[in-house]
Amino acid sequence: MPGRPRGWLFRAALAAAAALLRPESRACLLAARPAPRPRSQAPGSLKCFLGALKMEMTEMTGVSLKRGSLAVEDNDSVAPAEEAKRQKVSECCLTTGRAGLENASPPSGENVLGPPGAVSAGEGTENSDARLEEEEEEEEDGLSEEGDEEEEAESFADMMKHGLTELDVGITKFVSSHQGFSGILKERYSDFVVHEIGKDGRVSHLDDLSVPVDEEAPSEDMLTVLTAEEKQRLEELQLFKNKETSVAIEVIEDTKEKRTVIHQAIKSLFPGLETKTEDREGKKYIVAYHTAGRKALANPRKHSWPKSRGSYCHFVLYKENKDTMDAINVLSKYLRVKPNIFSYMGTKDKRAITVQEIAVLKITAQRLAHLNKCLMNFKLGNFSYQKNPLKLGELQGNQFTVVLRNITGTDAQVQQAMNSLKEIGFINYYGMQRFGTTAVPTYQVGRAILQNSWAEVMDLILKPRSGAEKGYLVKCREEWARTRDPAAALRKLPVRRCVEGQLLRGLSKYGMKNMVSAFGIIPRNNRLMYIHSYQSYVWNNMVSKRIEEYGLKPVPGDLVLKGATATYIEEEDVDNYSIHDVVMPLPGFDVIYPKHKISEAYREMLTADNLDIDNMRHKIRDYSLSGAYRKVVIRPQNVSWEVVAYDDPKIPLFNTDVDNLEGKPPPVFASEGKYRALKMDFALPPSTYATMAIREVLKMDTSIKNQTQLNTAWLR
């Protein structure tokens, strides 16, 4: 528009959108907004703003599910149906504003790979790989929504007709006899809260935002070396309150000791900043940058670390609508460090509010606490310095608080269902999230890896598929099917840290004749996910056969654990065990199989998949399956529940940790209301799916395909 700077439209939209948000989110959004940038960088700011706005809008977009349409997930993985629906609604609401905003300045080339041929399958040079690395660094993983999604002609419900049902992955049995009833899970994602239980049995809660006081207090020099004006400028830089991208402080008495004191003073007083020394016209300056800015240092000067302090800062992370790895990526971006300096005991679900302990190497509590001013849907607290990191699997389990809204069951039905869950439990199936949501289940990829069929592995991961996916992934797959050119397909991806992007990078680097190395560029945990999915698929099917054949009682030939060793139940010992003691093996080279009909069923299933049950070692060591044992039926601990009445579907039905920190009073329920909700609390061991517990209570198929086919009204 003539006569106005182009940035005015962004600022106007920011103010308008902020007015729509909740007060606490509005304050956070405005506090964290970046300083104005040159026009060439504007789209990045817009993306950050739109991403933040979307995160808030997601919560405001409720999903109502009726009988047969249950959208659930747990601490192990994600239910993409609800995510896709909410994202679609958010994008529809943003369409007009985004078009206007993005036209306000020239397009940014941040995520453009470069001219065709810059990275070809035949080159595999260090330079091309370095370029790809640089482009990955440019991505704002977790900080924004990348790319514009085109409206799909096919509805989400139509796409999910190609998905899996519980029957497809062997989930067929129930242990209880009660009649099922309807309920809405996650009408708000705050209806599903997960608290980690540490190995000492302590439940993680965020209840303290204070920063521990170091034994080594800052020196007097550090407190007086900066002038009041310099402190004000640094504070404004830290909070994005001015247009400066850096603050330069001249070193009057240029000695190494004086420079060190200034560096330490800035990092101590302003943990959101990093510093370096620069020569300007023969004078020395200490230049401070914001750790989260585009102009931040690639290799900032390391903070001094007192010897008396433990090397690891442990903290409790409260997050909304982010899985654990996404959250780590966001934190590492803002702190300008590599994600591998973080450690944790277990991954947590995305579509929920989760609370867990994290450890990070040599990052101060002050720097971490500063992120509370910058990040939406995150809170960090309960800081302490410890000598050791955290290790995967060290947790005892997870405590769940789940609300099922608008239930149809009578009080007697609810009582019967919950008593059964408490006393008998549920079949310990691997939930639907383990197997993917598109027409290419993850267990098929795992099976191809075990068969050493690498061309099939590439094809299964990269080929076009039916099902709900982001538009850029669809275009990437189409390009791959048309050209078989990894560099060309990679150019269709604005986000390259997905599995498809990593695999295409590997194929660009190593060529089509070295698929094993190309696949190896994917992080190890992601590669093993496919194999574990196949093991889970076998286990689900075998457990259903076991229950169909022998029911819910131990029989001779079943397996039980004595310590870590599996042994057989003998005829004379049957009465000494219950179904809660029985375990079934995941296939591998280091397990034994039951001594009854189910042993032959394992052999038949693997033989049909061209695998040898007697030789589960793979020529690539990473893909050799040792196997494991898993309990057939799980009984949740600390089970409690109540049925409450409410009138407003938007009101929260219990307080979160952040609500309690902010002093919000707990909700007060009426004796009667338009709706009834079932609030459940229970604890589960690691790698156990809360979805399967809820399936047992409601007696519903939890697959997205079944939900959308039975009732698509919740998608409108």
Side-chain angles (χ1 to χ4, degrees), residues 21-22 24-25 28 52 54-63 71-80 82-83 86-87 90 142 184-198 203-209 315-328 330-331 344-358 371-372 375-382 395 397-405 433 638 644 649-667 677-684 689-691 693-694:
L21 305 182
R22 297 175 301 170
E24 63 271 25
S25 298
C28 187
K54 276 188 181 181
M55 291 173 78
E56 177 62 26
M57 292 184 67
T58 298
E59 181 173 339
M60 300 192 297
T61 309
V63 179
V72 292
E73 68 256 8
D74 61 343
N75 59 311
D76 285 298
S77 44
V78 183
E82 191 181 354
E83 171 65 18
R86 290 177 186 238
Q87 181 180 2
S90 298
I184 305 171
L185 179 65
K186 292 194 179 180
E187 186 168 54
R188 302 162 64 90
Y189 64 72
S190 55
D191 286 346
F192 196 99
V193 177
V194 186
H195 289 269
E196 190 172 70
I197 305 173
V203 179
S204 292
H205 281 280
L206 183 79
D207 51 22
D208 183 5
L209 300 182
F315 61 96
V316 169
L317 173 65
Y318 168 104
K319 62 183 181 61
E320 301 178 4
N321 199 32
K322 282 278 182 194
D323 67 31
T324 301
M325 276 313 303
D326 281 345
I328 296 298
V330 172
L331 298 180
Y344 45 87
M345 294 183 286
T347 58
K348 298 291 177 284
D349 181 35
K350 176 180 180 180
R351 299 293 300 150
I353 291 175
T354 66
V355 183
Q356 69 182 117
E357 190 170 352
I358 305 286
L371 297 180
N372 287 331
L375 298 177
M376 295 180 68
N377 297 351
F378 288 86
K379 280 286 184 202
L380 288 66
N382 296 80
L395 71 166
N398 295 283
Q399 178 76 33
F400 295 86
T401 302
V402 179
V403 168
L404 302 175
R405 291 180 183 253
Q433 306 91 322
N638 307 324
V644 298
K650 295 179 182 178
I651 64 167
L653 299 183
F654 61 93
N655 273 8
T656 65
D657 285 359
V658 169
D659 292 332
N660 292 332
L661 272 172
E662 294 173 350
K664 291 184 180 178
L678 170 60
K679 178 175 175 284
M680 310 161 58
D681 284 277
F682 55 90
L684 294 176
Y689 284 69
T691 42
I694 294 162

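Note: hydrogens, waters and symmetry copies are ignored here, and every other heavy atom, side chains too, is used. For clarity, every value in this text was computed on a predicted model and none was experimentally measured.
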Evaluate the side-chain contact (heavy atoms from CB on, under 4.5 Å) criterion for residues Leu317 and Tyr344: first the C-alpha distance (whole Å), next the side-chain angles of each, then the deciding distance (0.1 Å), finally the verdict.
CA-CA 10 Å; Leu317 173 65; Tyr344 45 87; over 6 Å; no
Please report the shortest heavy-atom distance between [X] and [Y], naming the atom on each side.
X	Y	result
Ala683	Asn638	CB-ND2, 4.0 Å
Glu196	Asn398	CA-OD1, 3.7 Å
Asn372	Lys379	OD1-CA, 3.4 Å
Leu331	Phe315	CD1-CZ, 4.1 Å
Leu380	Leu206	C-CD1, 3.8 Å
His205	Asp657	ND1-OD1, 3.1 Å

Do [X] and [Y] have side chains that approach each other closer than 4.5 Å (heavy atoms only, starting at C-beta)?
X	Y	value
Met680	Thr401	no
Val330	Phe378	yes
Thr656	Asp659	yes
Ile694	Phe400	no
Phe654	Val193	yes
Ile651	Leu653	yes
Asp207	Asn382	yes

Do you know which of Glu320, Lys322, Lys319 makes side chain to side chain contact (heavy atoms under 4.5 Å, CB included) with Asn377?
Glu320
Should Asp191 and Arg405 be marked as a salt bridge (charged side-chain N to carboxylate O under 4.0 Å, His left out) after you check the CA-CA gap, both sets of side-chain angles, and the distance that decides it?
CA-CA 9 Å; Asp191 286 346; Arg405 291 180 183 253; 2.6 Å; yes
Sidechain-backbone polar pair: Gln356 side chain, Gly346 backbone, donor-acceptor under 3.5 Å:
yes
Distance-only, no hydrogens or angles: does the Thr324 side chain make a donor-acceptor pair with backbone N or O of Lys348 under 3.5 Å?
yes
Could you give me the CA-CA distance, side-chain angles and deciding distance for Asn321 and Lys350, then say whether side-chain contact (heavy atoms from CB on, under 4.5 Å) is met?
CA-CA 5 Å; Asn321 199 32; Lys350 176 180 180 180; 3.9 Å; yes
